[in-house]
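Take a look at the structure below.
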Amino acid sequence: MHDGSGRIVVQNLTKQFGPVAAVQNLSFTVEPGSVTGFLGPNGAGKTTTLRMLLGLVTPTAGIGLINGRPFGQLGNPGRVVGAVLEAQGFHPKRTARDHLRVYAAAIGVPDSRADQVLGLVGLAAAGDRKAGGYSLGMKQRLALATALLGDPQILVLDEPANGLDPEGIAWLRTFLQSYARSGRTVLISSHLLAEVEQTVDQVVIISRGQTMYYGPLDHLRSRQQGRVLVQPSDVGALVGALREDGVTAIEQLPDGRIAVGGVDAKQVADTALKAGVSIYGLQEEKADLERLFFQLTNGQYAAPGQYAQPVAYQQPGYQAPPQGYQQQPPPPGYQQQYQQPPPGYQQPPPGYQQDNPYGPQHGQGGLGGGA
């Protein structure tokens, strides 16, 4: 079932639910040999897009192709695509091994494959336990094992790290990268941006059902300037001195620091010394995926007037989306549904960064999420 392609192509994909355009004219390509992150805020259209790609939802317009064909024309799709959209489709009284054997029979692979994939996902010791007693992290691993039964060319995973413990997340990262390096295709949707940044080769970022960016992650980073974060003894004096030196990209952060763009740390330190301003902290910050993501998707759930401009001394301090970025206006009636955040939604504060303390790890130990 491996035809040497493994390419996913989304062409002008659109899905309309009544007056709401969940996906609008979406196009991107996922190449074999890579891990691609499919990113966007809640409600951006990610799951709807994946469901259309897998033949579970009929597009209003456009098409999603796998190996040049719609999903329904793949013959035995379980041998071509392994997909996990939610980790809940288990009979609670059935053991993990029996669950896998049922699916193995359905796609025409031997029962022995069940034991193989249990070992791949680190569940070999828990194969005889009933799935109803599994934690969320263990269910995620079992769902991935189910997707791997057919030794597929392509993996399509929606929030695969949900419920995994830190060791499980590190294991998943290594596994997906290894899977892609063998010449296969991995498409993952996730909200764990710091983890995605360590895992993927390219990203597709969408908001309001439209493409905000598609391409290599390194290319996205290269289009964004880094900045220097500085904690001065006298903010006003340092800002004034920087302006005198022609620096305009200055932003005040909520924690009292200022962010200076277009310069390096040495220039900021020299300016502060010349102005007689003491420096209590100085840090060069590269553009990370989280900050780029917020720049590209900022405002999907913002109330009117919220986030219209960053907290800055001058508007030039705002860093615009990458060159070529275009945002089409939503269809009539769409904004009225999303002018207030959904219940419980919290926007991270400006300048927020999520660090991943876990370096590259190997092995398949740990069941994830607690046993």
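Fair warning: this is a prediction, and the values are worked out from it, not measured in the lab. Each residue takes its place number in the sequence, starting with 1.
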Q: To the nearest 0.5 angstrom, please state how far the OG1 atom of Thr29 sits from the CG atom of Leu65.
A: 9.5 Å
Q. Closest approach of Arg69 and Leu74, non-hydrogen atoms and distance?
A. CB-CD2, 4.3 Å
Q | Minimum heavy-atom distance between Ala265 and Val228, given as atom pair plus value | A | N-CG2, 3.6 Å
Q) Does any N or O in the side chain of Thr60 come within less than 3.5 Å of the main-chain N or O of Gln16, such that one atom is a donor and the other an acceptor? A) yes
Q. Are Val57 and Leu50 linked, directly or through other ILVMFWY residues, by side chains that come within less than 4.5 angstrom of each other?
A. yes
Q) Is there a donor-acceptor contact under 3.5 Å from the side chain of Ser34 to the main chain of Thr36? A) no
Q. Counting N and O atoms only, with roles assigned by atom type, does the side chain of Gln198 sit under 3.5 Å from a partner on the main chain of Ala170, one being a donor and the other an acceptor?
A. no
(Q) Measuring from atom CG of Asp128 to atom CG of Leu123, what distance do you get when rounded to the nearest 0.5 angstrom? (A) 11.5 Å
Q) Rounded to the nearest 0.5 Å, what separation is found between the CZ atom of Phe38 and the CG atom of Asp158? A) 9.5 Å
Q.
Tell me if a side-chain donor or acceptor on Glu159 pairs with a main-chain N or O of His191 at a distance below 3.5 Å.
A. yes
Q. When rounded to the nearest 0.5 angstrom, what is the spacing between OG1 in Thr185 and CD1 in Ile8?
A. 6.0 Å
Q: Determine, step by step, whether Arg101 and Asp115 satisfy the side-chain contact (heavy atoms from CB on, under 4.5 Å) criterion, reporting the C-alpha distance in whole Å, the side-chain angles of both residues, the deciding distance to 0.1 Å, and the verdict.
A: CA-CA 9 Å; Arg101 286 173 175 171; Asp115 291 311; 4.3 Å; yes
Q) Looking only at heavy atoms, which two atoms of Leu118 and Ala96 are closest? And how far apart? A) CD2-CB, 4.3 Å
Q) Can you check side-chain contact (heavy atoms from CB on, under 4.5 Å) on Gln153 and Ile66, steps first, answer last? A) CA-CA 10 Å; Gln153 238 177 329; Ile66 297 172; over 6 Å; no
(Q) So Thr146 and Val84, do their side chains get closer than 4.5 Å, heavy atoms only? (A) no
Q. Does some side-chain heavy atom of Val10 sit less than 4.5 Å from a side-chain heavy atom of Val204?
A. no
Q. Applying the 4.5 Å side-chain criterion to the ILVMFWY set and letting contacts propagate, would Leu54 and Ile206 be lumped into a single cluster?
A. yes
Q: May I have the step-by-step check of side-chain contact (heavy atoms from CB on, under 4.5 Å) for Trp171 and Val121, ending in yes or no?
A: CA-CA 9 Å; Trp171 164 82; Val121 302; 4.0 Å; yes
Q. Rounded to the nearest 0.5 Å, how far does CG of Leu13 lie from CZ of Phe28?
A. 8.0 Å
Q) Can you get from Ile205 to Val9 by hopping between Ile, Leu, Val, Met, Phe, Trp and Tyr side chains that sit under 4.5 Å apart? A) no
Mind listing the side-chain donor-acceptor pairs of residues 268-280 below 3.5 Å, one per line with the distance, residues two or more places apart or on another chain?
| residue | atom | partner | partner atom | Å |
| --- | --- | --- | --- | --- |
| Asp270 | OD2 | Lys266 | NZ | 3.0 |
| Thr271 | OG1 | Asp245 | OD2 | 3.0 |
| Thr271 | OG1 | Gln267 | O | 2.9 |
| Lys274 | NZ | Asp245 | OD1 | 3.2 |

Q | Exercise: identify the closest heavy-atom pair between Ala259 and Leu229 | A | CB-CD2, 3.6 Å
Q: Measure up the Tyr213 and His219 rings against each other and bin them: parallel (under 30°), tilted (30 to 60°), perpendicular (over 60°).
A: perpendicular
Q: Report the relative orientation of the aromatic rings in Phe90 and His99; use parallel for angles under 30°, tilted for 30 to 60°, perpendicular for over 60°.
A: perpendicular
Q. Which heavy-atom pair separates Pro59 from Gly62 by the least distance, and what is that distance?
A. CB-O, 4.0 Å
Q: Specify the closest pair of heavy atoms between Val186 and Val30, including all atoms of both residues, with the distance to one decimal.
A: O-CG1, 4.3 Å
Q | Side-chain touch Asn12/Ser27, heavy atoms, less than 4.5 angstrom | A | yes
**Q.** Under 3.5 Å: donor-acceptor pair, side chain of Ser178, backbone of Phe175
**A.** no
Q) Does any N or O in the side chain of Asn76 come within less than 3.5 Å of the main-chain N or O of Ile107, such that one atom is a donor and the other an acceptor? A) yes
(Q) Between Leu53 and Thr49, is there a side-chain heavy-atom distance shorter than 4.5 Å? (A) no
Q | Between CZ on residue Arg184 and CG on residue Leu176, distance to nearest 0.5 Å | A | 12.5 Å
Q. Taking side chain as C-beta onward, heavy atoms only, is Pro70 less than 4.5 Å from Ile63?
A. yes
Q: Please answer whether the main-chain N or O of Leu148 pairs with a side-chain N or O of Arg113 as donor and acceptor at a distance below 3.5 Å.
A: yes
Q. Should the heavy atoms of other residues, nucleotides or ligands under 6.0 Å from OH of Tyr103 be counted, would the total exceed 12?
A. no
Q) Taking 4.0 angstrom as the limit, do Lys130 and Asp98 come out as a salt bridge? A) no
Q: Would you mind reporting whether Leu164 and Arg141 have side-chain heavy atoms less than 4.5 Å apart?
A: yes
Q) Below 4.5 Å, heavy atoms only, C-beta onward: do Phe71 and Met52 meet side chain to side chain? A) no
**Q.** Criterion side-chain contact (heavy atoms from CB on, under 4.5 Å) on Asn67 and Ile154, from CA distance to verdict
**A.** CA-CA 10 Å; Asn67 289 349; Ile154 298 166; 4.3 Å; yes
Q. Hey, does the side chain of Lys46 reach the backbone of Pro41 with a donor-acceptor pair shorter than 3.5 angstrom?
A. yes
**Q.** Heavy-atom side-chain proximity of Thr14 to Val23 below 4.5 angstrom
**A.** no
